[in-house]
Number of protein chains: 2
Amino acid sequence: MAEDYVELIAELIESRGEARPVEIAERFGVKPPTVTKNISRLKAAGLVRREPYRAIFLTDAGRELAEACRRRHRIVVAFLLSLGIDEETAERDAEGIEHHVSTTTLEAFEHALLQSESGK
Amino acid sequence: MAEDYVELIAELIESRGEARPVEIAERFGVKPPTVTKNISRLKAAGLVRREPYRAIFLTDAGRELAEACRRRHRIVVAFLLSLGIDEETAERDAEGIEHHVSTTTLEAFEHALLQSESGK
DNA sequence: TAGATAAGTTAGCCGTGTCTAACTTTGGGA
DNA sequence: TCCCAAAGTTAGACACGGCTAACTTATCTA
């Protein structure tokens, strides 16, 4: 959960300037109370900084985690695309797959990606 | 959860002749009461047939699900291996990845597998 | 065949992630 | 400026998947 949240929060801050619960709820297809509860868990975990009714910000730890997740996500998506999978499916599957990919496997994906690029 | 259970139960029946809670608990690294609870959920879902204190059997639906899962598992593992990933990592990652792979992506894996086989 | 031991179950707890219903706060018009 | 709608929170419920402690059943062996 935490990974998906910080990833999305980082994206929202980048694209919108701030991250709001209502947008998070829409993107994940959950209801606002779920977001409130999860955000407070992220806060307890030191990933997020925030006061009630205000926008959500990432701590340094949160930003680091988000960066690692986004990088991993990009690699997985790019890899699936390189296999000829359509964008929508690649995005959807990557969402699930990325949390189960070890460093070893991620490196293998990167390596395969380089091969396919040189061979195109 | 259900998929992992029926997959393992099918394996145990094949290799041992029957599936016993104690073995399931060991393989998943959980305690026996967890297995009892989950088996009764599988029974409620119509995937498993069983009386208390006896071995566990799959229903037709359970067997079908198990077969689909095992096939998918084999493909994911073979695909990861074809990327040069070591067996242990391939097994471990496949366990997580397999539940998030759409039919489209599974087919792409199979296709890539054929390519790599013809090219070796 | 009677115990002891291994296997399995039951009861009750916890954390996670979800929901609905009802409330509060914020902020932008009229 | 005041009020209303949108955003956010709180309270309380639920299912899932895990645990420990304590109990019951099955089985093996002396």
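In what follows, every chain begins at residue 1, and chains take the letters A, B, ... in the order their sequences are listed. In what follows, every heavy atom counts, from backbone to side chain, and hydrogens, waters and symmetry copies are set aside.
What separates NZ of A:K43 from P of D:dT9 is a distance of 10 Å, to the nearest Å. Summarising the geometry, the separation between CD on B:E23 and P on C:dA6 is reported as 16 Å, rounded to the nearest angstrom. Distance, B:D4 CG to D:dG18 C1': 15 Å, rounded to whole Å. The CD1 atom of A:I24 sits 15 Å away from the C1' atom of C:dG17 (whole-angstrom rounding). Between A:E18 atom CD and D:dA7 atom P there is a gap of 12 Å when expressed in whole angstrom units. Atom CG of B:N38 and atom P of D:dC19 are 10 Å apart (whole Å). Going from atom CZ of A:F28 over to atom P of C:dC19 covers 13 Å, rounded to whole Å. Put simply, CD1 on B:I56 is 13 Å from C1' on C:dT9, counting in whole angstrom units.
Axis angle across the helix from C:dT1-D:dA30 to C:dA30-D:dT1, with five pairs used at each end and values rounded to 10°: 10°.
Here the side chains of A:T105 and B:L83 are not in contact, with every heavy-atom distance at 4.5 Å or above.
When the side chains of ILVMFWY residues are joined at heavy-atom separations under 4.5 Å, either directly or via intervening members, B:V22 and B:L42 end up in two distinct hydrophobic clusters. Residues B:V101 and B:L65 fall into different hydrophobic clusters, defined by Ile, Leu, Val, Met, Phe, Trp and Tyr side chains chained together at heavy-atom separations under 4.5 Å. There is no path of hydrophobic side-chain contacts, each under 4.5 Å, that joins B:V77 to A:I97.
With salt bridges taken as basic N to acidic carboxylate O contacts below 4.0 Å, none links A:R70 and A:E98. In this structure, A:E110 pairs ionically with A:R71, as a charged nitrogen and a carboxylate oxygen lie closer than 4.0 Å. Ion pairing between A:E11 and A:R27 holds under the 4.0 Å rule for side-chain N and carboxylate O.
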* Show the numbers, then the answer: is there a side-chain hydrogen bond (donor to acceptor under 3.5 Å, both in side chains) between A:E3 and A:H73? => CA-CA 11 Å; A:E3 296 194 342; A:H73 181 81; over 6 Å; no
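Toward the 5′ end of DNA chain C lies the nearest nucleotide of B:E51, the other residue of the pair B:E51 and A:K37 mapping further downstream. Take the nearest nucleotide of DNA chain D for A:R50 and for B:A2: the residue whose nucleotide is more 5' is A:R50.
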Under a 4.0 Å heavy-atom criterion, the protein footprint on nucleotides 20-26 of chain D, written with B, S and -, is BB--BSS
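The structure places OG1 of A:T104 at 7.5 Å from CG of B:D93, a figure rounded to the nearest 0.5 Å.
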